[in-house]
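Heads up, the thing below is written out as structure tokens.
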There are 4 protein chains.
Amino acid sequence: MAEKTKTTFAQGQLRALVERIERLEEEKKSIAGDIKEVYAEAKANGFDTKILRKVISLRKKDASERQEEEALLDVYLAALGMPESREAAE
Amino acid sequence: MAEKTKTTFAQGQLRALVERIERLEEEKKSIAGDIKEVYAEAKANGFDTKILRKVISLRKKDASERQEEEALLDVYLAALGMPESREAAE
Amino acid sequence: MAEKTKTTFAQGQLRALVERIERLEEEKKSIAGDIKEVYAEAKANGFDTKILRKVISLRKKDASERQEEEALLDVYLAALGMPESREAAE
Amino acid sequence: MAEKTKTTFAQGQLRALVERIERLEEEKKSIAGDIKEVYAEAKANGFDTKILRKVISLRKKDASERQEEEALLDVYLAALGMPESREAAE
DNA sequence: CACTGGAAAATGCCGC
DNA sequence: GCGGCATTTTCCAGTG
């Protein structure tokens, strides 16, 4: 029966998708826990975690800003017909 | 010079902490990307991602509800002066 | 001078917005204080505030669960191509 | 029956407390909604709400607190060899 | 007074 | 591109 086969197949697929997602979210959560532990350790060593978080977020911002610059640079280089020129600059 | 040694040590510690955190956040982000990919794949196979997300969140909610029930039980037991009664249930 | 006028106008607007927001946050804070007082009064009358808080949060959760169910229903109806079917139920 | 009277009284009290708290939380929520509206209006008038929020939160913090945080942040950033990183962040 | 847990705020993400 | 929603992060009050 074609319909049933299709439905069954879709069910199996769905099940597999849900499992994969839940597995990945599990991993993500676990890593989040690890991060928390590192902050706890930092605090135990006398660091101010609030400031530490700010430091991390500043560095993140710097990085993404740099990425933007690089993306823009790529656009300019591409416009000049020099698409791979800046590979070496990394 | 003791002070300088201490400062240097703290610097090294800070550096190490920042690196560990950033490494872990990298991993977390990568997994988030994987999850996104699974949703994309689901969509490509004809699944409605909005519903799929609902399914995932419902299952998550069921899990947290169970936890909430246990927390409530703890509160009630504590209120009855039986703080450790359900230790064994863990 | 058009530019200055525009700038001045924007300044006045900004000032007004900030004042309105700060005023509202003041009110919000005041109400939070009232809530605190009610809990204090409850405690003075022999109620266990921890349990009281649980009760409140459970009732809140029940409410949001109802909403969640309706949202889920919407998603399903939409998936079945019946986007406005339950408008009347609001 | 004294016990029953006491219990009934407590029930009525509890009910009243719960209602008062829920009423206040309702008001609080309503004001939060008003605040959201003001931000929406600000955005509609061309203001960057993200910056606007930052303005509000800066005004909330008192000056000396801000100075302390900034000083400590500078120390951390200097330890990481990023002395100028936070110029732009404010 | 430090810690934990829960509320509020902020950010990011998805679909339209 | 934006508005709304969900997640994440931050903050704060209560507790021991």
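Every chain is numbered from 1 and lettered A, B, ... according to where its sequence line falls, protein lines coming before strand lines.
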I'd like to check the side chain to side chain contact (heavy atoms under 4.5 Å, CB included) partners of C:K54; sequence neighbours left out, ordered by chain and number.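 Once residues adjacent in sequence are excluded, the partners of C:K54 under the side chain to side chain contact (heavy atoms under 4.5 Å, CB included) criterion are B:E68, B:A71, B:L72, B:V75.
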Identify, with sequence neighbours excluded, every residue that meets side chain to side chain contact (heavy atoms under 4.5 Å, CB included) alongside A:K4.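 Listed in chain order: A:M1, A:T8.
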Is it the case that over 12 heavy atoms from other parts of the model lie below 6.0 angstrom from the CD atom of C:E22?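 Check passes, neighbour count above 12.
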What pairs meet the side chain to side chain donor-acceptor pair (under 3.5 Å) rule with one or both residues in residues 39-48 of chain B, with sequence neighbours excluded?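 Of all non-adjacent pairs touching residues 39-48 of chain B, those that pass side chain to side chain donor-acceptor pair (under 3.5 Å) are A:R20-B:E41.
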Using 0.5 Å steps for rounding, measure from the CD1 atom of C:I56 to the CD1 atom of D:I21.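 The distance works out to 4.5 Å.
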CD1-CG distance between A:I51 and A:L58, expressed to the nearest 0.5 angstrom: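 Rounded to the nearest 0.5 Å, the CD1-CG separation comes to 10.0 Å.
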Distance in angstrom units between [X] [atom1] and [N] [atom2], rounded:
X	N	atom1	atom2	result
D:L52	E:dA9	CG	C1'	14 Å
D:E41	F:dC2	CD	P	18 Å
D:K60	F:dC11	NZ	P	10 Å
C:Q67	F:dA6	CD	P	11 Å
C:Y39	E:dA7	OH	P	9 Å
C:E70	F:dC5	CD	P	14 Å
A:K61	F:dT9	NZ	C1'	14 Å
C:I51	F:dG14	CD1	P	17 Å

Among residues 19-33 of chain C, which ones have heavy-atom contacts with DNA chain F below 4.0 Å?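 Those residues: none at all.
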Can you list, pair by pair, the side-chain donor-acceptor contacts under 3.5 Å of residues 10-18 of chain A, counting residues two or more places apart and other chains?
none

Report each atom pair, protein N/O against N/O of nucleotides 11-16 of chain E, whose distance is under 3.5 angstrom.
from	atom 1	to	atom 2	distance (Å)
E:dG15	OP1	B:T49	OG1	2.3

Result of checking D:K36, D:R53, D:R59, D:K60 against C:E25 for salt bridge (Lys or Arg N to Asp or Glu O under 4.0 Å):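 Per the salt bridge (Lys or Arg N to Asp or Glu O under 4.0 Å) rule, the option paired with C:E25 is D:K60, out of D:K36, D:R53, D:R59, D:K60.
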Cationic N near anionic O, under 4.0 Å, D:R23 to D:E27: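 Here D:R23 pairs with D:E27 in a salt bridge, since their nearest N and O are under 4.0 Å apart.
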